[in-house]
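Report on the following structure.
Labels below follow one simple rule: chain letters A, B, ... track the order of the sequence lines, proteins then strands, and each chain is numbered from 1.
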Amino acid sequence: NAGVTQTPKFQVLKTGQSMTLQCAQDMNHNSMYWYRQDPGMGLRLIYYSASEGTTDKGEVPNGYNVSRLNKREFSLRLESAAPSQTSVYFCASSERTGGAFHEQYFGPGTRLTVT
Amino acid sequence: AQSVTQLGSHVSVSEGALVLLRCNYSSSVPPYLFWYVQYPNQGLQLLLKYTSAATLVKGINGFEAEFKKSETSFHLTKPSAHMSDAAEYFCAVSRPGANNLFFGTGTRLTVIP
């Protein structure tokens, strides 16, 4: 079991470039999440997918789009990168949303720098 | 709305000393509470969770936390710190029926030899 995997591990973009962060889980989880982590701000939810075929905005969705490709994969796209999107991005999954089932499993993260 | 406040962005303890990391929550309904640990350059790993069963919850690596409704707290403790405990710790809250977790801003634990 690989758990939650993310690619790439590191990325440098120029302002205005686009890219897609990939995430996959092999735990047969229904729910998946994208967070960004910035110093002193903890983790902030960008988007989540409660189940295959659904996606919803989180706390900081502006400048991002997501696709739940299938039950395993959940991608995050930056259409036109900005320096404010420099961050570490984490993907997570859980059995489903709601209460005790919110035990989330995290990937190793993608460190993104936008110059 | 749910939220958590972690008091102290940095905590230093000597090896072998008590570890106490503070978390206070705000929730209009009985919450579910979690502690996660993040080692350098890694993702978050669940330490323990409170899901309305026993108020004293034991987790991995000798950590435990006590849910105190009267104090709206869920502090994380470990009797004796080990060098390998140096990491960042996050408290998080959810509530029944909610679709996401709300994380605190984290506490970085340093263990002094």
Table please: side-chain donor-acceptor pairs of residues 108-115 of chain A below 3.5 Å, with sequence neighbours left out.
from, atom 1, to, atom 2, distance (Å)
A/T110, OG1, A/P8, O, 2.5
A/R111, NH2, B/N41, OD1, 3.4
A/T115, OG1, A/L13, O, 3.4

Which donor-acceptor pairs under 3.5 Å do side chains of residues 102-113 of chain B form with protein atoms, sequence neighbours excluded?
from, atom 1, to, atom 2, distance (Å)
B/T107, OG1, B/Q6, NE2, 3.3
B/T107, OG1, B/G8, O, 2.8
B/R108, NH2, B/E88, OE1, 3.0

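Along residues 77-93 of chain A, the residues that come nearer than 4.5 angstrom to chain B, judged on non-hydrogen atoms, are A/F90 in order of number.
The cluster map of Ile, Leu, Val, Met, Phe, Trp and Tyr, joined by side-chain heavy atoms under 4.5 Å apart, puts B/L46 and B/V19 in different clusters. Transitive grouping of hydrophobic side chains (ILVMFWY, heavy atoms separated by less than 4.5 Å) keeps A/Y33 and A/V66 in distinct clusters. Note: the hydrophobic cluster containing A/Y35 does not contain A/L76 (ILVMFWY, side chain heavy atoms under 4.5 Å, direct or indirect links). Linking ILVMFWY side-chain heavy atoms closer than 4.5 Å, directly or via other members, places A/F10 and A/V4 in two distinct hydrophobic clusters. Both B/L76 and B/V57 are assigned to one and the same hydrophobic cluster, defined by single-linkage of ILVMFWY side chains at heavy-atom distances under 4.5 Å.
Proximity to chain B involves both the backbone and the side chain of A/L43, based on heavy atoms less than 4.5 angstrom apart. Using a 4.5 Å cut-off between heavy atoms, B/Q38 contacts chain A through its side chain alone, with no backbone atom that close.
Of all heavy-atom pairs spanning A/F106 and B/L44, the tightest one is CB-O, 3.4 Å.
Few gaps surround CZ on A/R72; more than 12 heavy atoms of other groups in view lie less than 6.0 Å from it.
A/Y105 pairs by the ring pair (Phe, Tyr, Trp, His ring centres under 6.0 Å) definition with A/H29, not counting sequence neighbours.
Here the side chains of B/L101 and A/Y48 are not in contact, with every heavy-atom distance at 4.5 Å or above.
Heavy-atom pairs under 4.5 Å with chain B peak, among A/R44, A/M41, A/Q37, at A/Q37.
Taking NZ from A/K57 and CG from B/N100, the interatomic distance works out to 15.0 Å, rounded to the nearest 0.5 Å.
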